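Let me give you the structure first, and then I'll get to my questions.
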Protein chains: 2
Amino acid sequence: MYLKVSTQNINPQYSTEREKMRKDSRLSRMLHILIHMAQMEQAATSEFIATMLNTNPVVVRRTMACLREKGYVTSVKGHGGGWRLNVALEDITLLDIHNALGESSVFTIGLTDEHTECIIEKAVNREIGDALAASEALLLRRFGEVTLAQLALI
Amino acid sequence: MYLKVSTQNINPQYSTEREKMRKDSRLSRMLHILIHMAQMEQAATSEFIATMLNTNPVVVRRTMACLREKGYVTSVKGHGGGWRLNVALEDITLLDIHNALGESSVFTIGLTDEHTECIIEKAVNREIGDALAASEALLLRRFGEVTLAQLALI
DNA sequence: AACTTATGAAACATTTTATGTTACATAAAA
DNA sequence: TTTTATGTAACATAAAATGTTTCATAAGTT
């Protein structure tokens, strides 16, 4: 329960040039930090990672937990604890991390489902849906072809 | 200024299975209604369109205004007024409507720009960015190959 | 001319998502 | 036992997409 007071609300609702929507930057952030972790001796604390990513430790734990579930990193509590890479960079692709983060869809474009009986709506949704599927397949295929080791070489 | 009281806030923050985010359904909606409009005698009022799309007239005007700017539809005020298709369905592609709606990006995935000097971040962003660009290019190429007339034939 | 039917547009509200923040429990090393 | 970590729940914030209210304006109708 909170009170919102005095909003600016400069809303470009009628503008053709929309402002960019907020993006999910977890993939970019995690790839970045994983490569750095591969070059580190000690475990990286959430605090340390948070500083690197300009965020805070809880956000780091939340996101890294997704990677731990898949075995890409391990976490250790207490003194000298933190996060460690558990797999060689050669053995992780962008797709692996993308999948670990569990994003449901990569698109901002959605379909409608108001009239499941309308053949026009069906045709529209099938066409858009097929195009999105093909586009996503290409993206994921490419993600699957690149390992973190390749990125680390620059 | 408003008061938010007693939120449910079932937040799947730690869950791997994220809920689907809100999607921009304007493309789907506009294609749907444009094809219907091609089969109509009279002008379609915002009220009429809103009922078809399960939304309200102001949202319709807001979105249709984007299409009017590009000349795909015209609007007429007063009695018997409303919206009319201004171009044959054969001459409009999905890409035309997509562009008219002015979506800045089709992806929920974003890059980071915290350390523009870090070569690792640069490499990560270039790889993700290139992959997104290729994926989007495929999507738009496909959108450009399909006319509304083709969809209308089912 | 008065009335009715439309769009045009500003202002505000609501909902959802991504992210940020606070607080406390727990585990492990010093 | 103190310090340093993670684990997690709960709450807060900001921005985007959409919805809603309200009034101005234009154009037919009576």
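If you're wondering where the values come from, they're calculated on a predicted model, not measured in any experiment. Naming convention: chains lettered A, B, ... in sequence-line order (proteins, then strands); numbering from 1 in each chain.
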* Asked: Which whole-number value in Å describes the distance from A:Met64 CE to D:dT6 P?
  ->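 In whole Å, D:dT6 P lies 9 Å from A:Met64 CE.
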
* Asked: Any side-chain N or O of A:Asn56 less than 4.0 Å from the OP1 or OP2 oxygen of C:dT21?
  -> yes

* To do: Round to a whole Å and report the spacing from CD1 of B:Ile109 to C1' of C:dT19.
  => 17 Å

* **Polar contact flag, side-chain donor to acceptor under 3.5 angstrom, B:Thr63-B:Arg26** => no

* To do: Verify whether one side chain among A:Ser46 and A:Trp83 offers a donor that lies under 3.5 Å from an acceptor in the other.
  => yes

* To do: Return no unless some side-chain N or O of B:Thr55 is found under 4.0 Å from OP1 or OP2 of D:dG19.
  =>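 For D:dG19, OP1/OP2 do have a side-chain N/O of B:Thr55 under 4.0 Å.
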
* Asked: So, B:Arg68 versus B:Ser75: side-chain donor-acceptor pair below 3.5 Å or not?
  -> yes

* Asked: Any side-chain N or O of A:Arg68 less than 4.0 Å from the OP1 or OP2 oxygen of D:dG7?
  ->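 Affirmative; the distance criterion is met.
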
* Asked: Starting at the 5' end of DNA chain C and moving along, which residue's nearest nucleotide shows up first, A:Arg29 or A:Val76?
  -> A:Arg29

* How long is the line joining CG of A:Leu101 and P of C:dA18, in whole Å? -> 12 Å

* Are B:Thr147 and B:Leu89 side-chain neighbours, meaning at least one heavy-atom pair lies under 4.5 Å? -> no

* To do: May I have the distance from B:His79 (atom NE2) to D:dT29 (atom C1'), rounded to whole angstrom?
  =>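 Spelled out: NE2 on B:His79 to C1' on D:dT29 is 6 Å.
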
* For the pair made of CD in A:Glu69 and C1' in D:dT8, what is the distance, rounded to whole Å? ->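 It is 14 Å, rounded to the nearest whole Å.
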
* Asked: What is the distance, rounded to the nearest whole Å, between atom CG of B:Leu67 and atom P of C:dG8?
  ->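 For the pair B:Leu67 CG and C:dG8 P, the rounded distance is 12 Å.
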
* Strand DNA chain C in bracket notation, Watson-Crick/G-U under 3.5 Å with | for pairs to another chain -> ||||||||||||||||||||||||||||||

* Asked: Do any side-chain nitrogens or oxygens of A:Ser75 fall under 4.0 Å of OP1 or OP2 in D:dT6?
  ->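 For A:Ser75, the contact criterion (side-chain N or O under 4.0 Å from OP1 or OP2 of D:dT6) is not met.
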
* Just checking B:Gly82: base, sugar-phosphate only, or nothing, at a heavy-atom cut-off of under 4.0 Å? -> sugar-phosphate

* So, do A:Arg142 and A:Leu138 sit near enough that their side-chain heavy atoms are less than 4.5 Å apart? -> no

* Asked: Is a side-chain donor-acceptor pair under 3.5 Å present for A:Ser28 with A:Lys23?
  ->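 No, no side-chain donor-acceptor pair sits under 3.5 Å.
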
* To do: Please work out which residues in residues 33-48 of chain A have a non-hydrogen atom less than 4.0 Å from an atom of DNA chain C and list them by number.
  => none

* Asked: Under 4.0 Å between a side-chain N or O of A:Ser25 and OP1 or OP2 of C:dT19?
  ->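 For A:Ser25, the contact criterion (side-chain N or O under 4.0 Å from OP1 or OP2 of C:dT19) is met.
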
* Shortest side-chain distance from B:Val58, nucleotide among D:dG7, D:dT22, C:dG20 -> D:dT22

* With no hydrogens and no angle check, is any side-chain donor or acceptor of A:Asn125 less than 3.5 Å from a backbone partner on A:Thr112? -> yes

* To do: Could you check how far CZ of B:Arg26 sits from P of D:dT18, rounded to whole Å?
  =>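 Going from CZ in B:Arg26 over to P in D:dT18 covers 6 Å.
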
* Looking only at atom types and distance, does a side-chain atom of A:Asp96 sit under 3.5 Å from a main-chain N or O of A:Thr93, one as donor and one as acceptor? -> yes

* Are A:Val146 and B:Phe107 connected in a single hydrophobic cluster, I mean Ile/Leu/Val/Met/Phe/Trp/Tyr linked by side-chain heavy atoms less than 4.5 Å apart? -> yes

* Please evaluate the base of D:dG7 for a donor-acceptor partner in the side chain of A:Arg62 within a cut-off of under 3.5 Å? =>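 Per atom types, no contact qualifies.
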
* Which nucleotide, D:dA26, D:dG7, C:dT21, lies nearest any side-chain atom of B:Lys77? ->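 Between D:dA26, D:dG7, C:dT21, the one nearest the side chain of B:Lys77 would be D:dA26.
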
* To do: Name the closest nucleotide to the A:Val59 side chain, picking from D:dG7, C:dT21, D:dG19.
  => C:dT21

* Spell out, as yes or no, whether a donor-acceptor pair under 3.5 Å connects the side chain of B:Asp24 to the backbone of A:Thr108. => no

* Asked: What is the distance, rounded to the nearest whole Å, between atom CG of A:Asp24 and atom P of C:dG20?
  ->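 That distance rounds to 11 Å.
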
* Check whether the side chain of B:Arg61 and the base of D:dT20 form a donor-acceptor pair under 3.5 Å. => no

